[in-house]
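In what follows, a single structure is set out as structure tokens and then discussed.
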Amino acid sequence: MSAGGPRSRGETLALRHQLIGSSCKLFFPENPVKIIQAKNQYIYDENGNAYLDCINNVAHVGHCHPEVVRAAHQQNLLLNTNTRYLHDNLVDYAQRLSKTLPEKLCIFFFLNSGSEANDLALRLARQYTKHEDIIVLEDAYHGHLTSLIDISPYKFRNLGGQKEWVHVAPLPDTYRGLYREDHEAPARAYADEVEKIIDQGLKKNRKFAAFFVESLPSVAGQIILPEGYFQKTAMHIRKAGGVFVADEIQVGFGRVGKHFWAFQLQGEDFIPDIVTMGKPMGNGHPIACVATTKEIAEAFSATGVEYFNTYGGNPVSCAIGITVLDVIEKEQLQARALQVGSLLMKLLTQQKAKHPLIGDVRGVGLFIGVDLVKDQESRSPATKEAEFIIARLKEEFVILSSDGPGRNVLKFKPPLCFSAEDAKLVVKKLDKILTEVEEAEASRSLC
Ligand SMILES: Cc1ncc(COP(=O)(O)O)c(C=O)c1O
């Protein structure tokens, strides 16, 4: 609020243009929403309009969850400081997280953002292996630090380009990728591509530190990786002396429904060497984590160089993190993600049968993508149509976004309190808008 009372939306926008770096983008730049409040799966603008939030995977247990807010407030009243003192919240939280993970991943580092977590994962991998090179997937995004832009094709393609220590493997997208749904063994075929990259690199004396991969690639277009891909790629990277890093920053903490971690979708027998976590951990409070093995953590300590992070793992962050885990359990949000996600998948799949604009519906739990195409045969991305649909949904008070290299994949990743009624409502609105788009196209082609 300004000294003279609340600012108008126009005044806030003008000040933002004046004061904030223009590379910090707004949703709906032509007509941005000014929000002043949020609760559960709703955000409210300055006129009290409620928007259904289908994309905020940070507000994991619901915007402004009262138990999370209370936990932060109570700990703030008592103490907040760095991790150089003994405090129970830090060890309690590490203990709670360790119960969700395979036994081998038993050492924890706490940080403030997903980017910090991935940057530390890079350091751990390199220190442990004494190698430098990293393999990532096409269109991957792992964070905004210099080190992570270097391993994020989603960003570096438009910046300085690819560093010689970075290797990009084909995205295992069985809808639009190299090997598709008709391939008899896509996991093997895509893993063979990783092996090929390693073999070629070794011939040039490159040394591989890690295969760095999101457990379900998100900005690449909500990709569901074929089962068994991680086991095979882990075998290849480990044979070359590298480690497997699973980035769970978007998709962890029960979102996928069947499991707490998305890497577990690959099967019980798969265990990464390093797992990075962020966004949903603190329900909006900046907190992140790296979980790894004793051996990797010890190799990192062996340098004798202290790892110090001013805010990472502070008592307030840990109190919040513990409460988020409590709420997931108490409100059975993982089971809810499975139930509501299955319903949303079913309803969207019904829409696919009705609307030629929908090429593919894929997802697991409350992580779902609707791939819009201009043509079912060529599968060429319907980018403009996706943009229009997102804008129209906003007029209907639904917030959705699109991503993927063609910006044509509608992304569902709502807070886990999203309900069956919400799923029905958003699909009904989507159906109406898709019909509008298709009718407008049909009448244009008649002219
Ligand atoms: C998969 C993935 N990794 C890492 C990050 C970076 O996280 P942060 O923005 O918290 O630094 C993001 C952010 O969007 C992400 O989606």
Side-chain angles (χ1 to χ4, degrees), residues 21 23-27 53 55-60 109-125 134-156 158-159 166 168-169 171-173 210-225 230 244-253 255-256 261-263 265 272 274-291 309-313 317 320-321 324 364-369 401-405 407 409 411-415:
S23 48
C24 304
K25 302 287 187 202
L26 281 161
F27 278 142
D53 184 350
I55 58 171
N56 198 324
N57 56 356
V58 174
H60 193 60
F109 295 86
F110 290 99
L111 321 90
N112 310 293
S113 69
S115 295
E116 279 194 3
N118 280 343
D119 183 72
L120 178 61
L122 263 183
R123 291 182 62 195
L124 288 169
I134 307 291
I135 305 173
V136 289
L137 292 180
E138 232 173 281
D139 299 311
Y141 176 66
H142 293 294
H144 61 81
L145 301 184
T146 307
S147 60
L148 304 169
I149 296 296
D150 282 346
I151 63 161
S152 298
Y154 181 74
K155 293 282 178 190
F156 74 60
N158 298 318
L159 291 166
V166 178
V168 180
L171 181 70
D173 173 355
F211 181 45
F212 212 113
V213 61
E214 242 191 304
S215 298
L216 293 173
S218 179
V219 297
Q222 306 288 89
I223 305 299
I224 308 302
L225 297 172
F230 280 3
F244 192 106
V245 182
D247 178 337
E248 289 269 340
I249 287 161
Q250 288 228 22
V251 293
F253 289 85
R255 171 160 302 280
V256 300
W261 301 108
F263 70 77
L265 291 165
I274 300 176
V275 173
T276 59
M277 317 165 191
K279 296 178 189 279
M281 276 185 94
N283 211 51
H285 179 84
I287 175 165
C289 178
V290 177
N309 188 317
T310 302
Y311 303 111
S317 293
I320 290 171
V324 169
V364 48
L366 280 171
F367 177 88
I368 296 174
S401 67
S402 62
D403 223 323
R407 297 206 73 81
V409 181
K411 288 172 66 160
F412 289 87
K413 47 186 181 74

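As the structure lists them, so they are numbered: ligands from 1, and atoms in each ligand from 1. Keep in mind that the numbers below use all heavy atoms, side chains included, and drop hydrogens, waters and symmetry copies.
- The single protein non-hydrogen atom nearest to atom 3 (N) of ligand 1 is Asp247 OD2, 2.8 Å, given as residue, atom name and distance.
- Considering OG1 of Thr276 and CD of Glu116, their distance stands at 12.5 Å, rounded to 0.5 Å.
- For ligand 1, the atoms sitting less than 4.0 Å from at least one non-hydrogen atom of Glu214 are 1 (C), numbered in the order shown with element in parentheses.
- With hydrogens and angles disregarded, a donor-acceptor distance shorter than 3.5 Å links the side chain of Gln222 to the backbone of Ile368.
- Closest to atom 5 (C) of ligand 1 among all protein heavy atoms lies Ile249 CG2, 3.9 Å.
- Under the side chain to side chain contact (heavy atoms under 4.5 Å, CB included) criterion, Asn56 pairs with Asp53, Val58, Ala59, His63, not counting sequence neighbours.
- Comparing heavy-atom distances from atom 14 (O) of ligand 1 across Met281, Gln250, Lys279 singles out Lys279 as nearest.
- Side chain of Ser152 to backbone of His142: a donor-acceptor contact under 3.5 angstrom is found.
- Distances from atom 9 (O) of ligand 1 to the heavy atoms of Glu248, His144, Met277 show the closest one on His144.
- In this structure, Glu116 has no heavy atom closer than 4.0 Å to ligand 1.
- Residue Phe156 qualifies as enclosed at atom CZ: its count of foreign heavy atoms under 6.0 Å is above 12.
- Counted by atom type alone, Tyr141 and Asp403 present zero donor-acceptor pairs between their side chains at under 3.5 Å.
- Those atoms of ligand 1 with a heavy atom of Gly114 less than 4.0 angstrom away are 6 (C), 7 (O), 8 (P), 10 (O), 11 (O).
- The atoms of ligand 1 that sit less than 4.0 Å from any heavy atom of Asn118 are 3 (N), 4 (C).
- In this structure Asp150 satisfies the side chain to side chain donor-acceptor pair (under 3.5 Å) test together with Lys163, sequence neighbours excluded.
- In terms of protein heavy-atom proximity, atom 11 (O) of ligand 1 is nearest to Ser115 OG, 2.6 Å.
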